Amino acid sequence: MATTKLGFIVQRTPYKSENTKLALTHAISSQSVEVYLNDGDLVTADIAFVGDGVLNCLKNQKAMEKYGLTSTESHIKNCLLLDLNVMVCKEDLDKFGLSENDIVMDAEEFGADMTVKVVPFSEITKMMEDVNHLLFF
Amino acid sequence: MATTKLGFIVQRTPYKSENTKLALTHAISSQSVEVYLNDGDLVTADIAFVGDGVLNCLKNQKAMEKYGLTSTESHIKNCLLLDLNVMVCKEDLDKFGLSENDIVMDAEEFGADMTVKVVPFSEITKMMEDVNHLLFF
Amino acid sequence: MKLAVFVSDYRLNVDTLDRLKAEKLGIILVQNGVYHATAKENGAASSLLNKSADFYALSDDLETRGLSAAVNSKVKVISYGDIVDLMFNEYDKNVWL
Amino acid sequence: MKLAVFVSDYRLNVDTLDRLKAEKLGIILVQNGVYHATAKENGAASSLLNKSADFYALSDDLETRGLSAAVNSKVKVISYGDIVDLMFNEYDKNVWL
Amino acid sequence: MGKLTIGCFSSLVGSMSLDFSVKLASAAIEKGHKVDFWVSGNATMLSIKGQRAFKDYSALMKPVQELMGKGLSITACEACAEARGYHKDNTIENFKRHSMDWYLASAFDADRVFHIGGE
Amino acid sequence: MGKLTIGCFSSLVGSMSLDFSVKLASAAIEKGHKVDFWVSGNATMLSIKGQRAFKDYSALMKPVQELMGKGLSITACEACAEARGYHKDNTIENFKRHSMDWYLASAFDADRVFHIGGE
């Protein structure tokens, strides 16, 4: 019975490459990893958006309407639905003049209990120290 | 009987992507384009290295020895061998503290008559105005 | 030279744009370049918008990123069809940075 | 945390490195990151080298780019095998910027 | 009406640059222009048969085939394709393959060349 | 000796990132470590059969197959591969294909995870 903790750090804007999308879909796959593991063993995925990466979290992304592509917004909602820990750096939101009103904070419409946590960078540093491995996107 | 002039501008460092290599191999292909054209019609390719792009021109690149890959250096020599006009921005060389001694200037060993021209950016601007189409890499 | 420059990224890793000279300069913001039309870092609009040029931003790319609301007044929002018309009617050369 | 940070580009489009905190920090320059070990722009070495960290640069990537001659004295030139040893013996986490 | 030659290059597959190029080609064709489309480097992935459409990934095979039906001429760099394991027998029907000089020849009588490079 | 899980991602194919990853995997195996190698996004191109080796392009099929002979375990993201038209029947022999959870499962008991993302 062991748990391996992974920290996913998203530092870049969405939609340039598949970078952000792959970060979130890989983090989500932590929910099905048990098929490969022994009973009781776990892999957890915490996600933090930092720097330009906070722009991934803006509301009202029309990627599906415009390009037929799942939006980062809906991937974040999926993460919440699957009870992943999603953090957004407060200092970076402040830098862009963004508040909790501008970003995805919950996925209530899908019945998710988890909400996005807007936290100072120091909290994200703590997460980075706490996890076993870091994956920067 | 017409000539279409293309300007190839290389603005980035080599070996991150295929970017620079594709710039040079496409420019070189101007030498075989006549098979598609009428007699007397021509496409010319001028090449200019600007900004970080001047770092493509450094001597003694060991890409073949280290990664089994043709170096940018040897692509530049091929361009000279095929009489393409190759310019390197003087201001950018100066910025990096580089001189003609540090960069590929000729391909004498292959019998090329053409040499690389170190020119002020204003000359490159003139080329950009003079050509029909610009291709930035 | 009438030059249309396509800016497709927010953090440009080239300084070419500062050095381009054209009688008529259009800057067309596409893909992640559209953040230049909307982002305010520490309260300031992108310094790109200080250039002497006509500015355009692609509507589809603004909407994809959730940015339609806050476009700078210097920037005209355009469609793919408008880009085609600009290329053929207003500018004679295009570059993609 | 003992952190090895791999810098693979010369013009970084992220500011994460300035904010990372680690008891022990190694900066491993690979791919186009190796220009940080050699380039002097307007006479100045890369500001990256002002950080408080141990610096390494991959020999193969220096040689590929024609840069072997001018490596800054702060930077230790290493092989792929050395990277493996650093990862397993000196640091406990790796990040790629 | 004019002729537009688009070249999409290098390392932006899986990004939105191919999506952008395809949409732009579509808009130009709608307006009655002739469009030549050259894909090189990683953009040659556009030429391979049997791409599956998922909502999480850019799915461009179908729109490209529709544009080919409307007159789009599209060509992949043969060497770039071969290096990636894309051969003639797994290339989409009517998707041409040529050496790089095809792109320059297309530029010869183009009214506009739009070279989408970047990184 | 330890276990190293390498993940190579996203849009850097045709760049040197795959070359880097393969050389690093080789160095780790030389030193007696176990290496799991996960390719996702455009890096899944590494999995397709019939890549031709040219000097102008990174030619990694042969070195990868040699490393597989020395014990390298290598797996492509199935969805990323399918979206690109890489199916089971055109995948290199013994190159595995799994969903993304394979990568995380490999990380579970890895001593080191080296995630090569970037752009």
Side-chain angles (χ1 to χ4, degrees), chain B residues 10-24 49-77 86 88-107 109 116 121 136-137, chain D residues 5-17 27-50 55-84 95-97:
Chain B
V10 178
Q11 17 166 23
R12 292 183 169 87
T13 45
Y15 304 116
K16 184 189 173 188
S17 70
E18 296 174 320
N19 192 42
T20 301
K21 183 190 66 195
L22 291 173
L24 299 179
F49 293 93
V50 301
D52 294 349
V54 303
L55 297 169
N56 284 281
C57 306
L58 287 171
K59 274 184 194 165
N60 299 319
Q61 298 176 30
K62 307 287 184 207
M64 186 54 74
E65 292 85 335
K66 295 298 165 183
Y67 288 98
L69 206 60
T70 317
S71 70
T72 309
E73 183 179 13
S74 66
H75 281 302
I76 295 174
K77 291 191 180 208
V86 179
V88 179
C89 177
K90 183 168 187 340
E91 290 91 330
D92 292 316
L93 284 179
D94 288 348
K95 189 183 73 174
F96 284 110
L98 298 171
S99 74
E100 297 191 2
N101 290 328
D102 300 305
I103 63 169
V104 191
M105 287 299 294
D106 60 61
E109 69 271 41
V116 166
F121 191 81
F136 274 48
F137 288 82
Chain D
V5 177
F6 288 77
V7 173
S8 66
D9 212 347
Y10 185 42
R11 306 291 174 194
L12 283 173
N13 60 3
V14 293
D15 64 353
T16 323
L17 184 53
I27 295 181
I28 305 183
L29 305 169
V30 298
Q31 300 188 327
N32 281 341
V34 298
Y35 289 111
H36 290 288
T38 62
K40 289 200 169 185
E41 285 193 50
N42 305 315
S46 168
S47 61
L48 194 82
L49 300 181
N50 295 333
F55 293 96
Y56 305 92
L58 179 59
S59 167
D60 288 46
D61 290 349
L62 287 163
E63 291 191 41
T64 291
R65 288 160 184 76
L67 301 175
S68 327
V71 176
N72 191 292
S73 61
K74 286 184 184 173
V75 180
K76 189 171 171 197
V77 177
I78 59 172
S79 68
Y80 275 101
D82 295 332
I83 291 182
V84 173
V95 303
W96 179 276
L97 290 187

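Treat the numbers as computed from the prediction; the structure is a model and nothing was measured. Chain A is the first sequence line, chain B the second, and so forth, proteins listed ahead of strands; every chain is numbered from 1.
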Is it the backbone or the side chain of Asp52(B) that comes under 4.5 Å from a heavy atom of chain D, or both, or neither?
-> side chain

Per-residue contacts, residues 59-67 of chain D versus chain B, heavy atoms under 4.5 Å | Asp60(D), Asp61(D), Glu63(D), Thr64(D), Arg65(D), Gly66(D), Leu67(D)

With rounding to the nearest 0.5 Å, note down the distance linking CG in Leu58(B) to OG1 in Thr38(D).
-> 8.0 Å

Can you tell which part of Asn42(D) gets under 4.5 Å to a heavy atom of chain B, answering side chain, backbone, both or neither?
-> both

First locate atom OH of Tyr35(D), then atom NZ of Lys16(B), and finally report the distance between them rounded to the nearest 0.5 Å.
-> 12.5 Å

Heavy-atom distances under 4.5 Å only: say whether Lys59(B) touches chain D with side chain, backbone, both or neither.
-> backbone

Which atoms of Thr13(B) approach chain D - backbone, side chain, both or neither, heavy atom under 4.5 Å = both

Which atoms of Leu55(B) come close to chain D, meaning under 4.5 Å heavy atom to heavy atom: side chain ones, backbone ones, both, or neither?
-> both

So do Phe96(B) and Lys40(D) actually touch side chain to side chain, heavy atoms under 4.5 Å?
-> no

Taking atom NZ of Lys95(B) as the centre, report whether more than 12 heavy atoms of other residues, nucleotides or ligands fall under 6.0 Å from it.
-> yes

Checking Tyr67(B) against chain D: side chain, backbone, both or neither under 4.5 Å from a heavy atom?
-> side chain

Mark yes when over 12 heavy atoms from residues, nucleotides or ligands other than Lys90(B) sit less than 6.0 Å from its NZ; otherwise mark no.
-> no

